[in-house]
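Please read the structure below before turning to the comments.
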Amino acid sequence: QVQLVESGGGLVQPGGSLRLSCTASGSIVNANGMGWYRQPPGKQRELVATIASSGSTNYADSVKGRFTISRDNAKNTVYLQMNSLKPADTAVYYCAVLRIGPMTTMAYPYWGQGTQVTVSS
């Protein structure tokens with residue numbers, strides 16, 4: 001029902017910037033947000049940032065102050081602006097459709113191919 005396509009990754013030096021994009025097709029009735037996950041080499045997938053339908057955003061402590069999530073509802077697209085990149089940010093980045101509640105956030109099981117971000121000097 002939902003397809004997600006991520007793009008914008010690449011190779012960047014420490015301190016550099018990238019902007020990731022994710023375009024979604026289809027919809028889920030109870031979804032009320034979108035977010036970005038990442039999966040570093042040899043590690044499990046982790047939640048990086050979320051944005052609710054209200055516009056409220058949340059970030060993992062590791063990226064707070066450096067990353068900014070935004071969305072364009074008309075284009076059905078979510079973005080992740082990544083500044084001051086560190087080698088620890090190296091990962092495959094995935095976007096997700098979310099159900100955000102007062103205490104929990106759930107990702108619906110729809111995943112794109114991801115986009116590779118490599119931060120290295």
Side-chain angles (χ1 to χ4, degrees):
Q1 186 177 23
V2 174
Q3 294 185 357
L4 304 170
V5 180
E6 301 94 340
S7 63
L11 175 64
V12 65
Q13 293 185 339
S17 298
L18 286 172
R19 190 184 75 158
L20 307 183
S21 300
C22 172
T23 299
S25 61
S27 63
I28 300 175
V29 173
N30 291 323
N32 64 350
M34 297 191 72
W36 287 92
Y37 288 76
R38 68 184 182 186
Q39 187 166 23
K43 301 179 68 175
Q44 66 182 36
R45 196 169 299 180
E46 62 182 346
L47 184 61
V48 174
T50 67
I51 182 166
S53 58
S54 65
S56 297
T57 59
N58 285 102
Y59 300 91
D61 290 340
S62 59
V63 307
K64 190 170 297 184
R66 301 187 297 118
F67 291 10
T68 302
I69 187 171
S70 62
R71 68 191 305 175
D72 186 332
N73 291 330
K75 297 180 179 179
N76 208 23
T77 300
V78 62
Y79 305 95
L80 186 67
Q81 179 66 47
M82 310 165 68
N83 299 326
S84 302
L85 283 163
K86 306 175 181 179
D89 297 319
T90 296
V92 178
Y93 284 72
Y94 302 88
C95 67
V97 180
L98 306 176
R99 176 64 187 180
I100 301 171
M103 298 293 182
T104 61
T105 297
M106 181 190 72
Y108 290 89
Y110 302 102
W111 303 97
Q113 80 290 342
T115 185
Q116 176 71 50
V117 172
T118 302
V119 184
S120 176
S121 60

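Given the structure is predicted, the values throughout are model-derived calculations rather than measurements. The figures here come from the full heavy-atom set of this structure, side chains too, leaving out hydrogens, waters and symmetry mates.
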Does Q113 have more than 12 heavy atoms from other residues, nucleotides or ligands lying within 6.0 Å of its CD? yes
One pair to check against side chain to side chain donor-acceptor pair (under 3.5 Å): S53 and N32. What are the steps and the verdict? CA-CA 5 Å; S53 58; N32 64 350; 5.3 Å; no
Please give me the minimum heavy-atom distance between V78 and M34, naming the atom from each residue. CG1-CE, 3.8 Å
Atom OG1 in T23, atom CG in N76: separation rounded to 0.5 Å? 7.5 Å
For the atom pair OG1 (T50) and CG (N58), what is the distance rounded to the nearest 0.5 Å? 4.5 Å
Rounded to the nearest 0.5 Å, how far does OG of S121 lie from CD of Q13? 7.0 Å
Give the minimum heavy-atom separation between A60 and L47, together with the two atoms involved. CB-O, 3.7 Å
For a quick check under 3.5 Å, do R38 and Y93 share a side-chain donor-acceptor pair by atom type? yes
Hey, does S62 have a side-chain heavy atom less than 4.5 Å from the side chain of K86? no
For the hydrophobic clusters of this structure (ILVMFWY residues joined by side-chain heavy atoms under 4.5 Å, transitively), does one cluster hold both V63 and Y94? no
Working to the nearest 0.5 angstrom, can you tell me the gap between R45 CZ and Y37 OH? 9.0 Å
With no hydrogens and no angle check, just 3.5 Å: does a side-chain donor-acceptor pair link T77 and D72? no
Give the minimum heavy-atom separation between L4 and C95, together with the two atoms involved. CD1-O, 3.4 Å
Determine whether the side chains of S54 and S56 contain a donor N or O and an acceptor N or O closer than 3.5 Å. yes
Is there a path of hydrophobic side-chain contacts, each under 4.5 Å between heavy atoms of I/L/V/M/F/W/Y residues, joining V12 to W36? yes
Closest non-hydrogen atom pair, T115 against L20: CG2-CD2, 4.0 Å
Membership question, hydrophobic clusters at under 4.5 Å side-chain separation (ILVMFWY): are Y108 and I100 in the same one? no
Could you tell me whether D61 and K64 make a salt bridge, using a distance below 4.0 angstrom between a side-chain N and a carboxylate O? yes
